[in-house]
Every structure is written in structure tokens, then in C-alpha cells.
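Within every chain, numbering begins at 1; the chains are lettered A, B, ... in the order of the sequence lines, protein sequences first and strands thereafter. Quick caveat, the model's predicted, so the values are computed rather than measured.
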There are 2 protein chains.
Amino acid sequence: MPYRAPVSEYEFLFRHVVGYDQVSATNRFSEADGETVSAILTEAGKMCEEVMAPMQRDGDLHPARLENGVLRTSPGFADGWRAIAEGGWIGMSAPEDHGGMGLPMTLTISVNEMMSAACLSLQLAPLMSQGQIEALEHHASDALKELYLPKLISGEWSGTMNLTEPQAGSDVGALSSKAEPNGDGTYAITGQKIYISWGDNDFTENVCHLVLARLPDGVPGTKGISLFLVPKYIPDDNGNPGKANALKVVSLEHKMGLHGSPTCVMQYDGATGWLVGEEHGGMAAMFTMMNNARLGVGGQGVGVAEGAYQHALAYALERKQGRTPAGTQTGTIVDHADVRRMLMEMKADLFASRAILLACAVAIDMQTATGEADWGARAALLTPIAKAFGTDTGIRVAETGVQVHGGMGFIEETGAAQYYRDVRVTAIYEGTNGIQAMDLVARKMMDGGEAACRLLEEIQKQAERARCTLPELAEPVWQAAETMREATEWLVSQSDMNNRFAGAVPYLRAFARVLGGHFHLTAAVADKDGPRAALARFYIERLLPEHSALLAHAQAGAEGLYALGIDDLARG
Amino acid sequence: MPYRAPVSEYEFLFRHVVGYDQVSATNRFSEADGETVSAILTEAGKMCEEVMAPMQRDGDLHPARLENGVLRTSPGFADGWRAIAEGGWIGMSAPEDHGGMGLPMTLTISVNEMMSAACLSLQLAPLMSQGQIEALEHHASDALKELYLPKLISGEWSGTMNLTEPQAGSDVGALSSKAEPNGDGTYAITGQKIYISWGDNDFTENVCHLVLARLPDGVPGTKGISLFLVPKYIPDDNGNPGKANALKVVSLEHKMGLHGSPTCVMQYDGATGWLVGEEHGGMAAMFTMMNNARLGVGGQGVGVAEGAYQHALAYALERKQGRTPAGTQTGTIVDHADVRRMLMEMKADLFASRAILLACAVAIDMQTATGEADWGARAALLTPIAKAFGTDTGIRVAETGVQVHGGMGFIEETGAAQYYRDVRVTAIYEGTNGIQAMDLVARKMMDGGEAACRLLEEIQKQAERARCTLPELAEPVWQAAETMREATEWLVSQSDMNNRFAGAVPYLRAFARVLGGHFHLTAAVADKDGPRAALARFYIERLLPEHSALLAHAQAGAEGLYALGIDDLARG
């Protein structure tokens, strides 16, 4: 099934839905106007369609493997990496003075999403480099930037993130990796890290690891953690890869999906590393890296949703089965009401999740361009929603895609199953979706719900404007935002944080549903008698109502969750 | 992770929730009293724990394979089959005069569910035999019954169902396999069948295929289809397997999961078959077989939900991560609110789906024992709900189980991923869940909604009785049943069937939610101050409200589904 890059969909969203015109109106991003956007998306889309999409199944069938300590990647992936690097897609938003293109994050996110749809396993490699580039840009010394950024941006070298240890996953502060000063400005890093995506490869000259570790005087917990840059090969005086560092890939994980992406257990045995940021300031640098990666992972979910949707639609348009309803025309299963329902749900949620993702990217760009705190707060609020809803949508759409295929969906050769297996991890890595929801109801509500309520007010104002033209769509969106505002007020009034955490996931899902309603309505206004309005109507009538059950759940409090003792939970 | 059979849970459900006492009060099933039930469930549970559960992962790692046309099953599966056969678990509900135990279907369904939790791939083999036994019992000649039933019931021979062909899946009437009379009372069967679960094995003496095919004078569509019994080896005069029949396994499918169960492409080249039932009466016999299998597949979903829940709980009770909330005690992740939420959702839906399954089985048994049409209508109404909601719950619980494991959930060695992969097919085979929903809103509403409304009235009456003791739980259940009744009235008033089909899946899901509320409330009444009431409270407060959004969707009609043209669906 060939993948087709949804370029015109992005163009529509940029122009009519997520307010990209604000970004290109800034000095910083004035060159990234509509024409440039279209040219870039078209070019990247072509690479995704022609180079990456054909590799998708090879990565699944021929996983990366470790041979005598040497990592061998899936067939064609080296060529794929080169195409990504040469297209400039790694460093699209990286600083121009180090070889990047300095383009808005909104564009990077869009291109990343297309690459995810085409070949998720491979796309994870540049995503890791991008996180590293951003962390170095904001936290590394000039010397490190000079040496590493051009290589990472050009794709000659690649980057990884080393956070997790067996006992330190969601609780990164529990890590035990150690860093000892060598006395020459470098540090000796020792410890084991797990779940390291693309911890090695056979197509870049060097692999640069950002490793969280604790200095001898680091206090326990997150406040005693520092970040180090630890390259596979130590650069020589000319900045070329020199002698091998004291680190290795111990083993690769056997995963349910994403087989083309090597998930490594890494061992550091006094490896030479360079401090990034302040001593004991590792968490700040890590958050830079993770915020970028979180949005990127949200985009992975949206990308897989697009791929799985296209795949299911193509099958539905070709498969003949049963008598189709009177008045329908294709004679294929696409005309059965329940198949239509599935495709419409997929498409409507795909639109919603993509709009949320891009709106978050726009907020990031506006913050970068203007420095305004409100934009920063908007980006911070939307990031966990974009991550969790994007990946939940990827999982749900891939699951529905399997269902559209019927029996063929369970057969690997069809390809629908791979989307389902691959995308499952996106709800887990870069902070599980539960952690995202806890971030939303705790850290992101430290402003007393101000950023959330400001956004909900905007949604209501837009609904009020839409009332005269599309009252039957505008009214439910206005009401949903109102219910959401009340739930937010309830939430921030809970001083027992566990009452917030108890309803965090349903709260986040409800917020995404309401945002989806808003963006669908915005699209409908721009295409009042067209298919955008028809899709919005489907979403607002049939999916948006979910928000109210979710908010009942969100406000039910923690007590009921503990009403069953451990014995009761275990009894059967 | 060892599986523990939830025997006491069944005992509670039998006694307090699904009205099993009515079954054992009949003459037909008077021997299956509480003591017998406990003894049987305990014995079967022991076999599941000790024999089947240890095979679960072997089946995944070492799939069945075809070697020069000979099928080799996964390690240990032959022993597993023997244990199932020798325990008498294949023919529990089969007639006693052919070696069965003549026990209620409610017990068979419970044992099947436990076997599914322990090792789904293997459990599918006896499930197929059971469907065949029931079809032969109701439709075969006495001679066929005499010869085949004892062998199938004892497990010396096994049975399969051969319905699907490449162009005839959900639309079984499109099949092209042919049957020609041989002139000696037998028929020559020719054609290819796909997706044949356990189409062969290396542990039974014979494999008996029930094959749908069309006689020369069979009209097109379902009315021209006949059913034939086609054994792998033709029985000799002593009823022992004789010469090989003209059929073979052409290939095995590569599936996302259920690797231990061989899914065969079967080729029949003039194979000798015997007519089962009337000429052109194949669909009636097939429905007998499929109704049994549908409920069985619902039980597979519930079983996997139980296995995945136990697996996730065990992990949550052992994994330490992060600071657990004040006042909690284990120090493991089970005390985090969001982990509790996930476990409570899993447990609450597991309870609901199991209760629906067993209530359906009770209705079948009551119909068998009393012949009353109302019980038949109840069973017919509940079957598609039990199948679709049971399997949806299996998928959802397995998905949540992966999430509870965090990163470990994506790693195959943990086992959580296997549940997720294995169970996915249950929403597809024996009629996709979309087909189940269409059955519910069309065929099962041919009575004008009478059976549905009678059930909803019973729910309301029970809620009225519960009002004095548990008003805050009884009231929402009563209201939900009322909303459901209104939606049912809307549904049956739709003469354009496509309006029903458009909302079929959300309607079925809403019905399951309401039934779940009813059974939780019933359990709460029986355990007013105990954990059952606490779980019911969780379900009724946090999950039951979903029904109203689902019913909005269910009543939105077909028109909006077709508002997007094919070009609009494809545009991106």
C-alpha cells in the first residue's frame, strides 16, 4: 500500500485552523510563508512516499540485530537515513549558524509526522537527534556546540537520550549511574541504561549519547542529577571520530513492534563524558530534550493514524462483500454503514489530533519568536495533551484499521497489524500517557488553571462567532468548553493532589475532545458547505459527547479508587 | 506469571448475579447444583493452572508449522489436548448417551473462559470441536451421530468449521465451494476454504471438517448452501480412521498473534463428505454451530481479560517506582492513583463482561430445559452483546495491561504483549463485532424490540428494589435503562435499516454498559458493605455514564456517514 503525504491537509490546517499566519508574520519566521511551507511539505512528502514508505515492512521482517557487539540495521535503513539527512530534515528547526534551516517547529512537526507514517522505526532515529540538538543548543557550552551541532544537524553523527535505568523509569530521580570528574574537565560515566532507542547504528560515523548521571556530591532524587554528552568515539583534535569510548550495547530488546528500531541496553564503564548545562542541573536540560521529544512522539501517533487510515480506506475501496445499501455507488465495503462509521471516526480523530499537535507547535514557535509568556504557557499546556491524545489516536485508529480489514487485519502480510503493534509503544515512551495526564493536572495547573481557562475562553469566543453561520455545531462546542471550564475549576480547587491524579487521564481525554470540537468547528467555518463541515458535524454530534462522561470520571475523586483493598483486587 | 482460576468469582456470579439457581432448579439440570458446580470449576481450574497456563508462551514462540504437508503443533500442545480431553472438558454439555456430561452451557462457558485465560491458542481447538458437536447433535443423521459424536466428545477426533472463502467472509452466501452427489449417499466436495482454525493437528486420530458448499441445484446466496461433514480420514467399517480423504492443508497464515493455533488454508479436491441436515439447509446448521462459537469467542475475550488483569496486577504489586501517596501501604505502583484507576477499570469491565456472558448462557440453558420462547429470545438478544462486548473488553483490558507494565509492556518476554496480540482476532472471527451489532439491531429487533424492552424492564424493576438500600447506585442504573429503552424505541421505528446499521456498534456498546450497570448493582445488593459494592460504585459513577454519548452516536442516523464523498475520504 503506497503512502500518500497529506500535504493539502497540512496546508488547510496551517491556513485556516491552527493560526500559522501568526508565525509567518513574525520577524523570526517571516521567510516561512505559505509558499515556502508548501514547497517544503511537498519535498519532504515526496521523500516519505518514495524512500521511507517502502522500508516499513522490511524493518518489521528484518529487525536490527547485534552481531558480536556490532549493530546491524534493517535492510535499506542506511539509505533512508541518508535521504533524511541530505534533505535537511533532521535540522529543519536547528539554528542556521550550525547548518540548520531555522524553520518553525510547526514545519518540523509536520515533516516528522509524515516520516512517522511512512516508516516509524526509522523516523525515531532523527527524532532522537532533534531532541539532542535542542538540548545542546540551549544548555551546552559553545565549544560543545561548535563541535557537535554541525555533525548532528548534517546527520553525519546521530544522537540518543539515556534516561531510564531498570529501577528508574517514570521516576527518573531514582537513577544510579555515576559521574566522576576526571580532573581535565571531562567526567567518567559508569552505569547501565535501558530502553535506549537507536542506541547504535551502522550508518553514522558517531553516536552521541546524552546520559543522565549523578556526580559524587549529587543529592538523591532529581536535584542531584547532571547531564553528560558521551560519544561512541571520542572526537580527535580535528573533530573527527577518534578512539572508542568505554561504552557498549549489551543487548537489544525483543519488542511487540517497532522492530526496525534497535532498543538497546547500554553499558557505560567509566566512559568519557562532557557536562551539558550546570552540575546537578540535568533535569532542566532533560526537560528541554523531552519536551521536544514529547511533541515528536505525539506526532508519531498522528502519523501512524494517517498511515493506518490510508491503508484501511484503500482496502475498503477494493474489497467487495455483501449487498451494499441502495443509493450507494462503489459496490465495495466502503459503502456499508458500519465501515463508513469506522472510517469517519478514524478521519475525524486524525484531524483533531493533528490540529492539537500543530496548535501546540504554533505556540512553541510564537514563544520562540515573541518571547511572550502566554505563548509559553499555551505550549506547556498543550504538550501533554498533544502527546497523549496523538498517541491514543494512533492506537485507536490502527486498531480500527485492523477491524476494517476483517480477517485480513490479523494477517501480517496485510500491513494493518504492523501499525497496531508499532504504535503501541508511543503511549508509553517519553513519559507514559498517565504521566502526561499527571503533568497536565499538576504542573500545568500551578497557575490556578489560568492558561487552561484562557484557552477555553478563546474556544467559547470562536464558537460565539460561529453561532450565526453554524449554530448547531457552535452551540455544543460552546457548551463543552463551559463544562470543561467547570471541571477545571473543580480540579484546581483540589488541594489533595491525589484527587487530581485520580481523574487525570479522563480529564486529559475530555480536554482533547473539546479541543477537537473547537478545531473541527474552525474548519467547518472555513468550508461551510463542504466536506470539512460534514466531518465536523460527524465529530461534534457523535464523538464530542464523550467529554461529559469523561468529566464525570475526572471529578469522581481518589477515595473510590482505594475502596478495594489489595486482597479484594486480587480475589477471583 | 502463574494463572489463578477465579473459581470463587464464578461461584459468586452463579449464586448472586446471573440467576443460575433457576437452571439447577430445572429437571434437566437438577444434578448441576451448587456443590457440583464448585467441584467442576475447581477441577477444571486446576487443569488450566497446572497444564495449560505453562504452555501459553511456548505457543507464541514456537508456532504450529507445516512440514512437507504435515502439521506440527507447538511444544506441549499434544499433552494439553490430552488433559482437556481426559478431563471431559470438550463434551461437558454434550449429550450423555454419546459420552458427554450433559451439563449446563453455563458451566461449559465458564470452563472455556478459564482455558482461554490460560492458553488461548490451544483452547480454540476444543471450542471448534464443541461447535461441531452441537451442530451434529441438532442436524446430523443418527448414523453420523453414532459414529462421530463419541469420538469428538472423547477428544480422539477433533472438529473444525469451514465457512470462509477468499471472496466470502462476512457474506458467507458468496461462497463457491461445490458439492456433487456421488450416487452412494456421499458427496464430492471441491473448493478452497481460508482462516480454518485448527484445520489440522498432530494429536488427534482424525480431524472432522464441517464444510459449507453448494449443490448443483443450489440457488445463489445463502439459501443454496448445504453443510457437509468431511473427515481427514474416511472411517472404515469399524469406525476407525481409514484411507486419507482428498483434502489437504495448503498453507498456514502468519498472524499477529495466536501463533500456537494453526490457521489453515484448506483445499478440497472431490473429498468425500456426508450431508448434515437438509439439502440447501446449511445455514440453519451453520447458525447452530456459530451461535455456540460466538458465545465461546465472547468467553475468549473475557478469559484474556482475566489473564491480562492478573498479569498486570502482579506486576503492579511488585514494581516500585516513585513516591506513593500518603496513607497508602504497599510502596509499589499499585498505590498510584492512575495505576489504581487502570486496575479498577479492568476489574470492573471484566466483571461486567463475564456477567453478560454467563447471563446469556443461563438463558440458553433455561431455553434448553424449559423450551420457553422468552428464554430463547433472551439468549438470542444477549449473544451478539456477549460476543462483541466480551472481546472488546478483552482487547481493552489487554491494552491497559500493557500500559500498567510501562516500558516492560512492550517487551515480549513480559507476556503482557502476547495477550494484546492474541486477543485482537476475537473481535474479528465468528462474525466481526460490526456484524454482531448489525445482528442486534436488525434480526434481534424483528420482534419490534420486545425482548430488549422486557430485559430493560427487568433491569428497572431490580433497580427499584435496590433503591431503598443503595439509592445512589440504583438511580443511575434505572435512568440508564430508561434512556436505553427510548433509544430502542427510536431504533425499531427506523424503517430504513441503514439508519439502524449506522448506529449499531455504539448501540451495542451502550446496551453492554447498561447491562454492566445492572449486574454490578445486583452484586452490590448482595455485598452491600463489601468490595462488590465498591467496585459497583466505581463502575456506575465512572464508566456507566459513557452510555449516553454512545446513544447520541447510535441515534445520529446514516445520512451523515455518507456526507463525505469517496474523494473527500481520500483527500489528504
Would you mind reporting whether [Y] and [X] have side-chain heavy atoms less than 4.5 Å apart?
| X | Y | answer |
| --- | --- | --- |
| Leu569(A) | Tyr309(B) | yes |
| Leu564(B) | Phe538(A) | no |
| His553(B) | Arg341(A) | yes |

Check whether [X] gets within reach of chain B through its side chain, its backbone, both or neither, counting any heavy atom under 4.5 Å.
| X | result |
| --- | --- |
| Phe12(A) | neither |
| Arg319(A) | side chain |
| Leu544(A) | neither |
| Thr263(A) | neither |
| Arg354(A) | neither |
| Ala174(A) | neither |
| Leu550(A) | neither |
| Asp422(A) | backbone |

Using heavy-atom distances under 4.5 Å, tell me whether [X] contacts chain A through its side chain, its backbone, both, or neither.
| X | answer |
| --- | --- |
| Thr330(B) | side chain |
| Ala556(B) | both |
| Asn433(B) | both |
| Ile194(B) | neither |
| Ala427(B) | both |
| Leu543(B) | side chain |
| Glu399(B) | both |
| Arg500(B) | neither |

Pairs of heavy atoms under 4.5 Å with chain B: top-ranked of [options]:
| options | result |
| --- | --- |
| Val505(A), Thr432(A), Leu313(A), Asp338(A) | Val505(A) |
| Glu11(A), Lys255(A), Gln321(A) | Gln321(A) |
| Gln403(A), Glu541(A), Lys320(A) | Gln403(A) |
| Met346(A), Gln418(A), Glu413(A), Glu253(A) | Glu413(A) |

More than 12 heavy atoms from other groups under 6.0 Å of CD on Gln329(A): no

Neighbour count >12 (heavy atoms, 6.0 Å) for atom CD, Glu559(B): no

Between [options], which has the largest tally of heavy atom pairs under 4.5 Å with chain A?
| options | value |
| --- | --- |
| Gly503(B), Gly434(B), Gly257(B), Gly530(B) | Gly257(B) |
| Leu343(B), Ile566(B), Val334(B), Ile435(B) | Ile566(B) |
| Gln555(B), Arg537(B), Met408(B) | Met408(B) |
| His405(B), Met342(B), Arg421(B) | Arg421(B) |
| Pro531(B), Pro545(B), Ala417(B) | Pro531(B) |
| Ala337(B), Ala552(B), Ala549(B) | Ala337(B) |

Return yes if some donor-acceptor pair links the side-chain N/O of [X] with the main-chain N/O of [Y] below 3.5 Å, else return no.
| X | Y | result |
| --- | --- | --- |
| Thr332(B) | Ala316(B) | yes |
| Tyr562(A) | Asp335(B) | yes |
| His547(A) | Ala510(A) | no |
| Arg424(A) | Gly409(B) | no |
| Tyr3(B) | Gly45(B) | no |
| Asn499(A) | Ala558(A) | yes |

Non-neighbouring partners of His336(B) that pass ring-ring contact (aromatic ring centres under 6.0 Å, His included), sequence neighbours left out: none

Residue pair Gln436(B) / Ala388(B): nearest heavy atoms and the distance that separates them: CB-CB, 4.2 Å

Short N-O contact, Arg532(B) and Glu9(B), less than 4.0 angstrom: yes

Partners meeting side chain to side chain donor-acceptor pair (under 3.5 Å) with Arg513(A) (sequence neighbours left out): Asp349(A), Tyr539(A), Glu546(A)

